[in-house]
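Report on the structure given below.
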Amino acid sequence: MSDKIKFKIDGKECFAEPGQNVLDAATDNGIYIPALCHMKGIKPAGSCRLCNVKIAGRVMTACTTPVAAGMEIENNIPEINDLRLSIIEMLFVEGNHFCPSCEKSGNCELQALAYKYQMMVPRFPYEFPIKEIDASSPKLIIERNRCILCKRCIRAFKDENGKNIFAFKKRGHKLEINIDAKLAENLSDEDAQRAMDICPVGAIIRKEKGFDEPIGTRKYDKVAIGSDIESVIE
Ligand code: FES
C-alpha cells in the first residue's frame, strides 16, 4: 500500500499504482467513468472523449491522464455529465444507429450510455451519412453506419502473428474502418466473436450468427452500464 499514489475522485479517497491512468485507477477504486474507446490492457487513444473529467478546473481525458499524488478529480458532476451526454448525442447524429434492428442491441455500449445519460432528442441535427457496408469477409460484416471510429478494434485485435486485421482508410470526414481481406480469411469463429465483442457498438458483426439471445434479455437490458461499479448520475 505504501508505494500507492493517494488521490481523490469527487472527494472520495482513492489509491493508484504508479503510472496508472485515472480511468483504470477509478475502476479499481469502484468508481465508474464512462469510456467507449478504452479497454483495460490496451494503450489509451483518447479518441472518444467520453471519459472527460475535471482536474484542477481543466477538462481532461481520464484514460490518457496518469494519476498524480494529491490529484483532486471531479467526475460525477452536472457539467461533466452534460458534456458526456453531448458527446453521446454527437455520436448518434454522426452515424446511422437504428438500435431496434441491430444485433448488438442490449450489448451495445453506446446504446447503454444513451440510456444511462438519459438521452432524449439530440441537440444536434442528424447527418444521415451514406456509409458502405463491407460483407466481403467470410466471418464478419463491417457495418460502417454504426462505427464510431474509436479505434478499439485496431488497437485490441491482432492475428496470431500480432498483425493488425483492422485499419483506418481515407481521411477526415471520410475516415472509415476497414478489414484486411487476406488476414480475415483465416479468422476462426472464436476470433470473429472476439472482434465483435471488442467493438463497443454494432459495427463488427458475425456472419450467419445472430439473435441467439433475444433482445430484452441481454447484458445492458438487465443492468445499466457501469452499475456494477457505480450507478448514480447527478
Ligand atoms: Fe478516454 Fe475514450 S475512453 S477518450
Side-chain angles (χ1 to χ4, degrees), residues 5 7-10 14 16-17 19-68 71-77 79-95 97 104 107-117 119 122 124 144 146-157 164 166-168 172 175-177 195-204 219-220 224-231 233:
I5 301 168
F7 71 110
K8 281 186 180 169
I9 302 181
D10 294 336
C14 300
E17 302 291 341
Q20 200 173 23
N21 67 58
V22 170
L23 180 50
D24 288 344
T27 308
D28 288 351
N29 283 274
I31 293 173
Y32 179 66
I33 297 177
L36 280 172
C37 68
H38 186 58
M39 277 177 89
K40 214 169 178 179
I42 60 169
K43 204 169 162 219
S47 54
C48 77
R49 321 307 285 181
L50 245 291
C51 68
N52 274 325
V53 289
K54 227 172 172 185
I55 304 172
R58 283 185 61 199
V59 176
M60 301 168 81
T61 45
C63 66
T64 56
T65 306
V67 177
M71 218 175 216
E72 302 219 355
I73 298 163
E74 293 174 275
N75 170 44
N76 193 4
I77 58 169
E79 179 194 342
I80 289 295
N81 286 333
D82 186 58
L83 182 62
R84 292 168 179 163
L85 174 61
S86 70
I87 293 168
I88 294 163
E89 291 172 356
M90 262 187 264
L91 291 171
F92 268 91
V93 303
E94 272 179 7
H97 299 273
K104 204 71 182 276
N107 288 323
C108 171
E109 294 172 41
L110 178 63
Q111 181 194 44
L113 282 166
Y115 280 123
K116 186 175 184 81
Y117 286 87
M119 186 182 95
F124 311 104
R144 297 194 183 98
R146 305 169 188 152
C147 180
I148 56 167
L149 304 172
C150 67
K151 256 174 125 177
R152 233 198 229 179
C153 56
I154 300 175
R155 292 174 295 135
F157 192 87
N164 277 5
F166 299 97
F168 276 155
L175 188 71
E176 64 179 29
I177 197 73
M196 182 169 163
D197 292 342
I198 284 169
C199 178
V201 291
I204 300 176
K219 189 173 173 189
Y220 302 126
I225 191 167
S227 58
D228 49 337
I229 306 174
E230 186 190 60
S231 62
I233 300 266

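Every value quoted in this text rests on a predicted model; they were computed, and no experiment measured them. Because only heavy atoms are used, hydrogens play no part in the values below, and waters and symmetry mates are left out as well, while side chains stay in. In each ligand, atom 1 is the first atom listed, and ligand 1 is the first ligand listed.
Distance alone, capped at 3.5 Å, places no donor-acceptor pair between the Arg84 side chain and the Leu113 backbone. Panel note: side chain Lys104, backbone Val201; a donor-acceptor pair is recorded below 3.5 Å.
For Phe7, there are no ring-ring contact (aromatic ring centres under 6.0 Å, His included) partners two or more places apart in sequence or in a different chain. Scanning for side chain to side chain donor-acceptor pair (under 3.5 Å) contacts around Lys40 gives Asp28, with sequence neighbours left out.
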Below 3.5 Å, can you tabulate the donor-acceptor pairs from side chains in residues 60-68 to any protein atom, sequence neighbours excluded?
from, atom 1, to, atom 2, distance (Å)
Thr61, OG1, Thr64, OG1, 2.5
Thr64, OG1, Thr61, O, 3.4
Thr65, OG1, Thr61, O, 2.6

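For atom 1 (Fe) of ligand 1, the nearby protein N/O/S atoms, meaning those under 2.8 Å, are Cys51 SG, Cys63 SG.
Closest heavy-atom contact between Cys147 and Ile177: SG-CG2, 3.9 Å.
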